[in-house]
Structure formats: C-alpha cells, structure tokens
Undergrad: 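Take a look at the following structure, please.
Everything numeric in this text was worked out from a predicted model, so none of it was measured. Note on naming: letters A, B, ... go to the chains in the order of the sequence lines (proteins, then strands), and numbering restarts at 1 for each one.
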2 protein chains.
Amino acid sequence: MKTPKISEAVVRRLPIYLRYLNVLHLQNVQTVSSSDLGQKLDLNPAQIRKDLAYFGEFGKKGIGYDVNYLIEKIRQILKLDQFIQVALVGAGNLGRALSNYNAFLKDNMKIVAVFDAMESKVGDKINNLTVQPMQEMKQTIKSMNIRIGIITVPASEAQHVADEFIQSGIEAILNFAPAIIKVPNEIRIHHADFTTELQSLAFYLD
Amino acid sequence: MKTPKISEAVVRRLPIYLRYLNVLHLQNVQTVSSSDLGQKLDLNPAQIRKDLAYFGEFGKKGIGYDVNYLIEKIRQILKLDQFIQVALVGAGNLGRALSNYNAFLKDNMKIVAVFDAMESKVGDKINNLTVQPMQEMKQTIKSMNIRIGIITVPASEAQHVADEFIQSGIEAILNFAPAIIKVPNEIRIHHADFTTELQSLAFYLD
DNA sequence: TAGATTGTTAATCGATTAACAATC
DNA sequence: TAGATTGTTAATCGATTAACAATC
C-alpha cells in the first residue's frame with residue numbers, strides 16, 4: 001500500500017467516513033455507494049472515490065463498497081487497528097472533561113495518563129486515572145508506550161508542555177491551548193482551539 | 001467595506017492574527033510587518049497581506065501595520081466590537097468546562113445560558129449560570145438576543161438540538177458532537193469534534 | 001444483457017506564493 | 001535619498017469536480 005503524498009484534507013475526511021460507516025454497520029447495511037455517502041456527508045461522490053482510491057481498490061464496480069470491509073480498511077489506514085495510548089497535560093475543567101470522555105474507546109484510543117504542574121492537583125482522581133506530577137511524565141510516557149499527547153494547559157504553558165512531550169518521545173500532539181506552538185518537522189501537531197472557532201463563526205453573523 | 005467572496009480559509013486566519021496582535025499589544029509593540037507576522041505564525045507574508053487587503057488598506061508602505069489599529073480593524077471584521085451572546089446545550093463534562101471558560105470574555109463573547117434535557121441537571125449551577133430546561137430555550141434565546149449556539153450533547157441528540165436552535169432564531173452553531181448535522185443554508189455551522197481530530201492525528205504515527 | 005458504480009484521467013476551480021511598482 | 005514594506009497582479013500549485021471507460 002504505497003501512499004503518494006496524501007493531503008491533509010483527505011486524511012481529515014477519513015474519520016468522517018468511518019463514523020458514518022459505523023452507523024451503517026449498526027443498521028446492518030451491507031453495501032454503500034459513493035453517492036450514498038456523498039449525499040449523507042455533503043461531499044462530492046467523486047471526491048470520496050478519489051480519497052479512498054489513494055489507499056487501494058476497496059469498491060466493486062456496479063455495486064459500491066462493502067461496509068464492513070471499508071470500515072476495516074479505513075481503520076487500518078488511520079492506524080486504529082492497534083491500541084494507541086494518549087497522555088493529557090492540564091487537569092483543569094477541559095482536561096478533566098476530555099479524560100472522562102470515553103467516546104474514542106471503541107476506536108482503540110485511550111487517555112491513559114494525566115499530568116499537571118500544580119501540586120494541588122497531583123493525586124486527584126479522574127475516573128480511574130490519578131493526576132501525576134510533571135516530573136513523572138517522561139518515565140510514564142516511555143514505559144506505557146504513549147504516542148499522542150493532548151495539551152489542555154493555559155496558553156502561556158503550552159509551548160513548554162509541548163517541548164516536554166517531544167523530549168519524552170511523543171509523536172503527535174493535539175493542542176487545545178490558544179497558542180501557536182513550534183515543533184520539529186517530524187512531530188505532527190493539530191490545533192483544536194475553540195475560541196478561534198467561535199471567533200471565526202462570529203464573522204458570519206449578519 | 002465591500003467583501004468580494006471571502007474564503008473560509010481567510011476567515012479562519014483572522015482570529016490567529018488577532019491573537020498574536022494582542023500579545024504584541026501587551027508587549028507595547030507599535031508596528032508589525034507581514035514578514036514579522038509570517039515568521040511568528042508560520043504563514044507566508046504575501047498571504048497575510050492579501051488576507052488583510054480583502055478588508056481595506058490597513059498598512060503603511062515601508063512601515064508595516066500599526067498594531068492597535070489592526071487589532072481594532074480585525075475586531076470589527078469579526079464583529080467582536082459588539083457583545084455576542086452564546087447559548088450552550090448539554091451540561092455534561094464538556095459543556096461545563098466550556099461554560100466555565102472565560103478566555104473569550106475579553107473578546108466580547110460570552111456563554112449566557114445553558115440548557116439540558118435531563119431533569120436531574122436542570123437547576124444545577126455552573127459558575128453564575130443555572131442550567132435551564134429545553135422548554136425555556138426559545139424564550140431565553142429571544143429575550144437575551146443570543147445569536148450563537150454551542151452543542152455539547154451526545155451525537156444522537158445533536159440534530160434535534162440544532163433544529164431547536166434554528167427554530168429559536170440562532171444564526172450560527174458550533175457543534176462538538178461527533179455527528180453530521182443538516183442546517184439551512186443561511187445558518188453557519190462549524191464542527192469541533194475532537195475524536196475526529198485525534199483519529200486524523202493517528203494517521204501520522206509511524 | 002442492461003443498469004449501476006467504480007477507479008482514474010482530464011478539466012476546472014480556488015487558494016497560495018512570487019514578483020514588483022508604488023510609496024512611506 | 002535609500003531601504004523597507006505594502007497592496008496587487010500574475011504565476012504556480014494543489015484540490016475538487018466532471019467525465020467516462022471498465023466491469024460487476
């Protein structure tokens with residue numbers, strides 16, 4: 001399976017496909033066409049076919065895509081066929097909310113460690129996790145084979161936390177802090193700053 | 001100020017510019033050039049100049065942009081020069097975390113009402129807000145002149161909540177539920193689903 | 001077989017970047 | 001004036017969409 005420069009836009013659509021395919025699976029739907037998908041997801045059918053064709057020939061001409069097979073394939077592509085351990089730094093309101101979130105459990109991703117720099121938060125329980133001090137981060141990340149880090153600290157601390165994540169061997173970061181973070185090229189970083197999101201929404205008000 | 005088809009990509013960068021300009025303002029920096037900005041934000045300077053030029057001639061040739069003036073202008077463009085009231089539905093962990101978030105206070109956006117369909121949550125206090133029942137939504141949204149709605153309910157409820165928002169006269173929606181939501185063309189909807197975000201991150205793991 | 005739908009090439013569209021005259 | 005930097009046009013790049021032969 002060779003991957004000739006997959007654009008980020010394509011990668012971002014794969015989880016969308018997967019989510020709806022899972023719904024179809026639950027409804028016992030066997031087969032789906034690109035135009036079915038396109039209609040439901042507000043996407044162009046040609047785009048969906050093209051996206052999928054980057055990774056292989058998953059469909060059958062005249063028939064469409066087998067739902068279960070396509071789920072399996074997309075999960076492989078997204079590496080969701082293996083367990084992926086996630087760490088989170090910043091046990092504030094948002095950090096706790098995300099840690100409690102179990103929605104991704106079914107996708108083999110799980111927050112397995114939570115850290116905070118504040119003495120007073122260390123030792124707190126969040127579900128079945130205990131907030132650990134920053135000093136334990138490197139050790140824990142290595143021993144638990146944690147590969148993705150989530151940042152939910154104030155903007156002023158975000159770069160520092162990212163640096164520590166990288167030092168600890170994290171491969172990808174999801175940053176919720178409203179800050180630009182500099183990372184080496186080999187580290188993948190996505191931003192999920194909802195103040196930015198809200199502000200750009202305001203633009204579209206009359 | 002005419003706006004000849006501003007692309008979404010442009011609108012999404014404006015809050016990023018604003019955020020960094022606010023930092024410069026706090027540092028008493030008077031003037032900034034597009035290449036300064038570009039370096040700090042990892043963007044092409046030509047792109048920054050072009051983005052801003054959609055809305056007016058804010059810079060001075062040979063000098064750059066006056067920080068305070070540009071802040072004022074971008075705030076106008078994003079409509080952050082007026083108070084914008086926000087409602088939130090779904091007083092779960094994430095909903096409570098967002099309601100507590102005061103980071104956008106400085107930008108004149110504020111969550112002023114929280115709703116939940118569960119009897120047991122109605123009446124709960126979140127900071128200085130009281131969780132209201134869904135039946136009060138339409139009335140509250142109209143009387144408080146709420147224009148943006150945030151959805152933090154389970155995916156299965158998201159479409160229903162969106163429909164109620166729209167019925168109540170909401171103009172734009174920020175959806176945190178992992179679901180595709182159908183809305184009329186005149187309603188703006190942004191998605192902030194972090195499971196999707198995490199899954200696309202996984203793709204980039206080795 | 002006839003109808004449906006894929007995978008893929010070509011055409012289109014739009015966004016980013018380069019270049020440069022204007023000018024502070 | 002000389003140096004810097006804008007605003008804007010033109011060039012490039014990349015992503016989306018249309019079209020269609022292949023084939024189930």
Side-chain angles (χ1 to χ4, degrees), chain A residues 1-17 20-21 24 29-74 77 180 200 203, chain B residues 1-17 20-21 24 29-74 77 180 200 203:
Chain A
M1 191 196 301
K2 67 163 183 290
T3 49
K5 276 292 193 35
I6 307 299
S7 85
E8 192 173 321
V10 173
V11 175
R12 287 184 170 280
R13 282 190 292 268
L14 295 178
I16 311 281
Y17 301 154
Y20 182 57
L21 289 165
L24 291 177
V29 176
Q30 304 297 313
T31 296
V32 68
S33 71
S34 59
S35 50
D36 292 344
L37 282 169
Q39 197 142 24
K40 205 67 175 177
L41 304 178
D42 284 330
L43 294 171
N44 182 300
Q47 183 172 64
I48 295 174
R49 292 199 299 278
K50 201 161 200 284
D51 284 355
L52 296 173
Y54 282 116
F55 303 99
E57 305 197 359
F58 301 145
K60 282 205 180 28
K61 292 185 174 67
I63 308 284
Y65 299 91
D66 181 273
V67 171
N68 289 338
Y69 181 69
L70 192 52
I71 287 174
E72 189 191 321
K73 282 304 176 183
I74 295 181
I77 295 164
I180 291 93
S200 64
F203 174 84
Chain B
M1 188 196 299
K2 66 163 185 292
T3 46
K5 277 287 194 40
I6 307 300
S7 85
E8 192 173 321
V10 173
V11 175
R12 286 184 170 280
R13 282 189 294 267
L14 295 177
I16 312 281
Y17 301 155
Y20 182 59
L21 288 165
L24 291 177
V29 176
Q30 304 297 311
T31 297
V32 69
S33 70
S34 60
S35 51
D36 291 346
L37 282 169
Q39 198 143 26
K40 205 65 174 178
L41 304 178
D42 284 329
L43 295 172
N44 183 299
Q47 182 172 63
I48 295 174
R49 292 199 298 279
K50 199 158 201 284
D51 284 355
L52 297 173
Y54 281 116
F55 302 100
E57 303 198 359
F58 301 146
K60 282 203 180 27
K61 291 185 174 67
I63 308 286
Y65 299 90
D66 181 273
V67 171
N68 290 337
Y69 181 69
L70 192 53
I71 287 174
E72 189 190 321
K73 283 303 176 185
I74 295 181
I77 296 163
I180 291 95
S200 65
F203 175 84

Undergrad: To the nearest Å, give me how far apart CZ (B:Arg12) and C1' (C:dT16) are.
TA: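 Going from B:Arg12 (CZ) to C:dT16 (C1'), I get 18 Å.
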Undergrad: Could you spell out the base pairing of DNA chain D in dot-bracket, with Watson-Crick or G-U pairs whose two distances are under 3.5 Å, [ ] crossing and | to another strand?
TA: ..||||||||||||||||||||||
Undergrad: Which atoms form the tightest heavy-atom contact between B:Phe203 and A:Phe55, and what is the distance?
TA: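 What the structure gives for the nearest pair is CE1-CE2, 3.9 Å.
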Undergrad: Listing request: all salt bridge (Lys or Arg N to Asp or Glu O under 4.0 Å) pairs with a residue in residues 52-64 of chain B, at least two apart in sequence or in separate chains.
TA: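 Residue pairs passing salt bridge (Lys or Arg N to Asp or Glu O under 4.0 Å), neighbours aside: none found.
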Undergrad: With a 4.0 Å heavy-atom cut-off, tell me which residues in residues 32-39 of chain B come close to DNA chain D, sorted by residue number.
TA: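 B:Ser33, B:Ser34, in order of number.
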Undergrad: Considering only heavy atoms, which members of residues 45-53 of chain B lie under 4.0 Å from some atom of DNA chain C?
TA: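 Output list: B:Ala46, B:Gln47, B:Arg49, B:Lys50.
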Undergrad: On a heavy-atom basis, which atom in B:Pro15 and which in A:Ser200 lie closest, and how many Å separate them?
TA: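 Smallest interatomic distance, heavy atoms only, reads CG-N, 4.0 Å.
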Undergrad: Among residues at least two apart in sequence or on other chains, which ones pass side chain to side chain donor-acceptor pair (under 3.5 Å) with B:Asp66?
TA: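 B:Asp66 satisfies side chain to side chain donor-acceptor pair (under 3.5 Å) with no other residue.
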Undergrad: Report the residues that fulfil side chain to side chain donor-acceptor pair (under 3.5 Å) with A:Gln39, sequence neighbours left out, ordered by chain and then residue number.
TA: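 None.
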Undergrad: How would you list, by chain and number, every residue that makes a salt bridge (Lys or Arg N to Asp or Glu O under 4.0 Å) with A:Arg13, sequence neighbours excluded?
TA: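 Testing A:Arg13 for salt bridge (Lys or Arg N to Asp or Glu O under 4.0 Å), a comparison that skips the adjacent residues, returns A:Asp51.
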Undergrad: With sequence neighbours excluded, tell me which residues meet side chain to side chain donor-acceptor pair (under 3.5 Å) with B:Thr31.
TA: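 Partners of B:Thr31 by the side chain to side chain donor-acceptor pair (under 3.5 Å) criterion come out as none, since no residue qualifies.
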Undergrad: For A:Ser7, which residues count as a side chain to side chain donor-acceptor pair (under 3.5 Å) partner, sequence neighbours excluded?
TA: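 Not a single residue meets the side chain to side chain donor-acceptor pair (under 3.5 Å) criterion with A:Ser7.
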Undergrad: Among residues two or more places apart or on two chains, list those pairs meeting salt bridge (Lys or Arg N to Asp or Glu O under 4.0 Å) that have a residue in residues 34-48 of chain A.
TA: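 Every pair satisfying salt bridge (Lys or Arg N to Asp or Glu O under 4.0 Å) with a residue in residues 34-48 of chain A: A:Asp42-B:Lys182.
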Undergrad: To the nearest angstrom, how far is A:Gln30 atom CD from D:dC24 atom P?
TA: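 It is 20 Å, rounded to the nearest whole Å.
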Undergrad: Of all residues at least two apart in sequence or in a different chain, which pass the salt bridge (Lys or Arg N to Asp or Glu O under 4.0 Å) check with B:Glu72?
TA: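 Counting only residues at least two positions away or on another chain, B:Glu72 forms no salt bridge (Lys or Arg N to Asp or Glu O under 4.0 Å).
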Undergrad: Could you go over nucleotides 2-4 of chain D and give all protein N or O partners under 3.5 Å, atom names and distances?
TA:
none

Undergrad: Just N and O in the side chain of A:Tyr54: are any of them under 4.0 Å from OP1 or OP2 of D:dA15?
TA: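 It does not, given that no N or O in the side chain of A:Tyr54 lies less than 4.0 Å from OP1 or OP2 of D:dA15.
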